[in-house]
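Chain letters run A, B, ... following the sequence lines, proteins first and then strands; every chain starts at 1.
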Number of protein chains: 2
Amino acid sequence: MSLYSAPPSTRERIVLVAARLIQRQGYVGTGIKQIAGEAQATLGSVYHFFPGGKEAVAVAALRHAGKEFSWLLEDTLRGEDDPSAAVEACAVELARGLRESGWVDGCPVTAAALETLGTDSAIQQVCAEALRGWEKIVAEKLRACGFTDQDAREVATTVIGALEGAEVTAQVSRSEEPLRAAGRQLARLIGTYTQA
Amino acid sequence: MSLYSAPPSTRERIVLVAARLIQRQGYVGTGIKQIAGEAQATLGSVYHFFPGGKEAVAVAALRHAGKEFSWLLEDTLRGEDDPSAAVEACAVELARGLRESGWVDGCPVTAAALETLGTDSAIQQVCAEALRGWEKIVAEKLRACGFTDQDAREVATTVIGALEGAEVTAQVSRSEEPLRAAGRQLARLIGTYTQA
DNA sequence: AAGTTACTAGAACGAGCGCTCTATTCAGCG
DNA sequence: CGCTGAATAGAGCGCTCGTTCTAGTAACTT
């Protein structure tokens, strides 16, 4: 996280690798041994740093991924004054990242969240927290642009949901178009508030 | 499928159970033995009807689930003349189903699609087909309401994506609100086309 | 009635899972 | 130097996975 980044510690490597693998393969589809292998750590090290086992690793990984996405969101929203343009920029940014990863690196928490829905595991909670945080960031931006509290909240919920869904659609169809379309339409929707 | 429904055959039971389990637990998280058990079939029967193994079962199940959702979509859209009201009714309908299932029965293909993204398995293809089919249904409705071809397509893509994402958000937060909000905002968005 | 096909039934296999356990290495410190 | 605790290393446990295989049963054909 520091600009003058030291070589990541074993613990950090485990978290980073776990985040990427869960993002791509889901929670169930990712094995502890695979995480250890790709992080150049051994099984012993993983259980040393995360006595809680696989679930504890996943919680740390998802928390990290959630924060990372928050930063991306904040940076992109800060880059544009007009809220319509800002939200559309987010969609474009997501589309870029998706294409560059070969349509593999989508939303970091969706896959894990869906797999653990029935259970009331800690993973569920972390995913819910991440989603709430992202909504809050968008709502904050809208409020700063003159939206009422209620409008900001409802539109922010819609924006996060739409981006989430458009990203999945984009991944499945291997095309930027769903995200581009969502960006344009969300911009149009937000425009109906600012120009009214 | 018939109104005078005969007791479902073994093959039908396998497909129905597999569809529900994959919807709730994902592809990786659902075992062939679990499917056989809950469908009151034996392993031998499963492999008799689906020599292709687990993937073949999943393909059949996802195809069925995709069609079932298509019917729900068509019925709900047919129930309202105004396109805004029609799309909002879809969101309400999804919210109802979600709540009634204890926030467990979400989109039938999202989970499986996300898990198999890297691989170019047949499952991917079925999910992509389902999504395209749903978009087509929404686009058809919009075109029937006077939308141009291009507008209809772009808005339909956005609608399906937004509903998809809102459903995931609703599941994670165990609340109808994300879907309700998405429904209201999508209606507002569509209104900007019909009243222009 | 005999033969053939469609279906049911479940034991068994190798592989991989999450996790535990013991052994070893290594840095810091009195 | 010897002690100590953190970190590394990986063999092995019990279990479940998807799949295969061999039998047994039911139903239709001729």
Carboxylate-amine/guanidinium contact [X] [Y], below 4.0 Å:
{"X": "A/Asp105", "Y": "A/Arg20", "value": "no"}
{"X": "B/Glu129", "Y": "B/Arg132", "value": "no"}
{"X": "A/Glu177", "Y": "A/Arg180", "value": "no"}

When the distance from [atom1] of [X] to [atom2] of [N] is rounded to whole Å, what number comes out?
{"X": "A/Ile14", "N": "D/dA6", "atom1": "CD1", "atom2": "P", "value": "16 Å"}
{"X": "B/Phe50", "N": "C/dC7", "atom1": "CZ", "atom2": "C1'", "value": "14 Å"}
{"X": "B/His48", "N": "D/dG24", "atom1": "NE2", "atom2": "C1'", "value": "15 Å"}
{"X": "A/Gln34", "N": "C/dG18", "atom1": "CD", "atom2": "P", "value": "9 Å"}
{"X": "B/Ile35", "N": "C/dG10", "atom1": "CD1", "atom2": "P", "value": "18 Å"}
{"X": "A/Glu12", "N": "D/dA7", "atom1": "CD", "atom2": "P", "value": "13 Å"}
{"X": "B/Ile32", "N": "C/dT8", "atom1": "CD1", "atom2": "P", "value": "15 Å"}
{"X": "A/Arg13", "N": "D/dA7", "atom1": "CZ", "atom2": "P", "value": "13 Å"}

A/Lys33 has a side chain; which of C/dA11, C/dC17, D/dT8 sits nearest to it? C/dC17

Of the listed nucleotides C/dG18, D/dA9, D/dT19, the one nearest the side chain of B/Tyr47: D/dT19

Distance test, side-chain N/O of [X] to OP1/OP2 of [N], below 4.0 Å:
{"X": "A/Thr10", "N": "D/dT8", "value": "yes"}
{"X": "A/Thr42", "N": "D/dA7", "value": "no"}
{"X": "A/Ser45", "N": "D/dT8", "value": "yes"}

When you check the side-chain N and O atoms of A/Ser121 and A/Glu55, is any donor under 3.5 Å from an acceptor? no

With heavy atoms under 4.0 Å as the rule, sort [X] into base, sugar-phosphate or nothing.
{"X": "A/Gly44", "answer": "base"}
{"X": "A/Leu43", "answer": "base"}
{"X": "A/Gly31", "answer": "sugar-phosphate"}

Quick check on the hydrophobic clustering: are A/Val92 and A/Leu179 connected, directly or via other members, by side-chain heavy-atom contacts under 4.5 Å? no

